[in-house]
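Here the structure is laid out as structure tokens; the discussion comes afterwards.
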Amino acid sequence: MILQTQSISHHILPTIFTTHKPKSFKVPNFLTINQNPPPKISLKCSVSLISDPNSDTITTIQQTKPYPGEVSRTIMELSSNATLSTLTHDGWPLGIGVRFTVDADGTPILCLNVSNRHFSLDKRSTLHVQLDQCGLRTPQCTIQGSLDRPEDKMLLKKLHSVWKKKFGEEIKEDHLYVVSVDRVLQQEDFQEDGVWVTSSDYKSACPDPLRDIAEEIVTDINKNNMEDVLRFCNIYADLQLQVSEAKMVWVDRLGFDLRLYSPTNGVYEVRIPFPREVTDAKGIKSTFNGMSQVAWEVEKNYYPAEFKRVTQAKKLALAGI
């Protein structure tokens with residue numbers, strides 16, 4: 001079997017990945033409803049194509065969420081604090097809090113002064129990073145690798161430039177260290193099983209293009225559009241649950257996660273995919289408005305729900321949201 005990935009969104013919405021942090025994202029009246037529904041529209045989605053060289057059959061598989069390597073890269077891009085764990089000279093493991101940034105390949109760059117250098121000759125280390133998502137979820141990644149201080153002058157200059165761009169400060173080049181990435185453990189939240197990501201998959205992955213505006217979008221929708229969030233649950237998901245409360249947890253290029261509370265069943269998390277890939281602020285506003293309009297029209301029985309509804313949700317061991 002040969003795996004080929006292709007996004008239908010390339011034929012609908014141009015892909016524009018932003019590599020810099022945009023200006024403040026203002027979202028007045030983020031979700032709007034047109035009381036006079038327009039002509040019926042169809043929803044499409046991003047898919048992966050799997051072709052069998054011994055067959056003419058092509059199977060389509062929808063990708064509804066970023067791969068673990070993408071999630072890890074996003075966590076590293078959005079974070080600046082981590083726990084570095086190494087072995088000391090007497091053989092004991094030691095974890096210390098450090099600041100860090102990453103280069104274009106996601107390699108962590110650390111600043112360590114003399115008092116931080118308690119390491120043994122064994123350079124094996126881990127760097128554990130957590131990302132708070134609107135107080136509802138804490139995805140994390142743990143990088144296993146080797147802690148080294150670069151000797152190449154050109155590389156040190158480059159690392160110094162990356163550090164200054166992130167923190168706006170000058171540092172001594174002999175304080176710069178890097179953690180070469182051997183593999184990464186990515187976890188969606190506390191007390192959840194992790195997924196191991198290879199070094200090559202981590203380095204080749206791209207951080208999510210909506211990462212710098214995701215929190216602001218989610219906060220705004222949870223504050224001003226709770227009716228729409230509940231409607232998303234009822235229209236785009238078919239979970240056979242009586243949902244009394246819902247909040248958006250996070251948004252990325254392929255969709256968004258909702259936290260649901262059912263008085264009789266407890267707390268669940270459900271993934272709602274976008275109709276197409278979204279890569280910028282304009283696209284995210286347009287997509288949410290479109291999905292909100294469709295959900296309202298289906299709720300009012302103007303049109304039937306001619307899209308595949310989500311039928312799976314993850315049960316969480318929480319008392320409420």
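Note that these values count all heavy atoms, side chains included, but never hydrogens, waters or copies made by symmetry. Note that the coordinates shown come from a computational prediction; the quantities given were computed from them, not determined experimentally.
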Quick one: does any side-chain atom of Tyr236 pair with a main-chain N or O of Pro273 as donor and acceptor, under 3.5 Å?
no
Short question: side chain of Ser286, backbone of Lys282 - any donor-acceptor pair under 3.5 Å?
no
Salt bridge between Arg73 and Asp208, side-chain N to carboxylate O under 4.0 Å?
no
Shortest non-hydrogen contact from Pro150 toward Asp148:
CD-O, 3.6 Å
For Glu227, does the CD atom have more than 12 heavy-atom neighbours from other residues, nucleotides or ligands under 6.0 Å away?
no
In a check of side chain to side chain donor-acceptor pair (under 3.5 Å) between His160 and each of Lys172, Glu170, His175, which one passes?
Glu170
Can you check side chain to side chain donor-acceptor pair (under 3.5 Å) on Gln186 and Trp196, steps first, answer last?
CA-CA 6 Å; Gln186 197 273 312; Trp196 284 105; over 6 Å; no
Identify the heavy atoms of Tyr177 and Leu147 that sit nearest to each other, and give their distance.
CB-CD1, 3.9 Å
Give a yes or no on this: more than 12 heavy atoms of other residues, nucleotides or ligands lie within 6.0 Å of atom NZ of Lys308.
no
Electrostatic pair Asp103-Lys166, nearest N-O below 4.0 angstrom:
no
To the nearest 0.5 angstrom, please state how far the OG1 atom of Thr101 sits from the CG atom of Leu159.
10.0 Å
Give a yes-or-no answer on whether the side chains of Ser292 and Asp228 include a donor-acceptor pair shorter than 3.5 Å.
yes
Closer than 3.5 angstrom, by distance alone: can the side chain of Arg259 be matched with the main-chain N or O of Tyr268 as a donor-acceptor pair?
no
Say whether Gln240 and Asp238, considering side chains only, have a donor N or O and an acceptor N or O under 3.5 Å apart.
yes
Please tabulate, for side-chain N and O atoms in residues 242-251, each donor-acceptor pair with protein atoms closer than 3.5 Å (sequence neighbours left out).
from: Ser244; atom 1: OG; to: Tyr261; atom 2: O; distance (Å): 3.4

I need the Ser146 OG to Lys123 NZ distance, nearest 0.5 Å.
6.0 Å
Regarding Asp90 and Thr88, do their side chains bring together a donor and an acceptor under 3.5 Å, going by distance alone?
yes
Would you say the side-chain atoms of Asp189 pair up with the backbone N or O of Thr138, donor to acceptor, closer than 3.5 Å?
yes
To the nearest 0.5 Å, how far apart are SG in Cys111 and CZ in Phe167?
9.0 Å
List in chain and number order the residues that pass side chain to side chain contact (heavy atoms under 4.5 Å, CB included) with Leu239, two or more places apart in sequence or in another chain; answer none if no residue qualifies.
Ala237, Leu241, Leu260, Val270, Ala313
Taking atom CG as the centre, does Asp193 end up with more than 12 heavy-atom neighbours from other residues, nucleotides or ligands that are less than 6.0 angstrom away?
no
Do His128 and Thr142 meet the criterion of a side-chain donor-acceptor pair at a distance under 3.5 Å?
yes
Mark yes when over 12 heavy atoms from residues, nucleotides or ligands other than Lys315 sit less than 6.0 Å from its NZ; otherwise mark no.
yes
When hydrophobic residues are tied together by side-chain contacts of less than 4.5 Å, even through go-betweens, does Leu185 share a cluster with Ile143?
no
Spell out, as yes or no, whether a donor-acceptor pair under 3.5 Å connects the side chain of Arg271 to the backbone of Thr64.
yes
Can you name the one residue among Glu188, Glu269, Glu70 that meets salt bridge (charged side-chain N to carboxylate O under 4.0 Å, His left out) with Lys65?
Glu188
Salt-bridge present (Glu192, Arg137; N to O < 4.0 Å):
no
Rounding to 0.5 Å, atoms CG (Asp252) and CD (Glu277) come to a distance of 10.0 Å
With rounding to the nearest 0.5 angstrom, report the CD1 to CG distance, Ile213 to Asp220.
11.5 Å
Just how far is it from atom CG of Leu176 to atom CG of Leu156, taken to the nearest 0.5 Å?
6.5 Å
If you group Ile, Leu, Val, Met, Phe, Trp and Tyr by side-chain heavy-atom gaps below 4.5 Å, do Leu127 and Ile96 land in one group?
yes
Describe, in one word, how the ring planes of Phe256 and Phe274 are oriented to each other, choosing from parallel (under 30°), tilted (30 to 60°) and perpendicular (over 60°).
tilted
When you check the side-chain N and O atoms of Thr198 and Asp201, is any donor under 3.5 Å from an acceptor?
yes
What do you reckon, is CD of Glu169 surrounded by more than 12 foreign heavy atoms closer than 6.0 Å?
yes
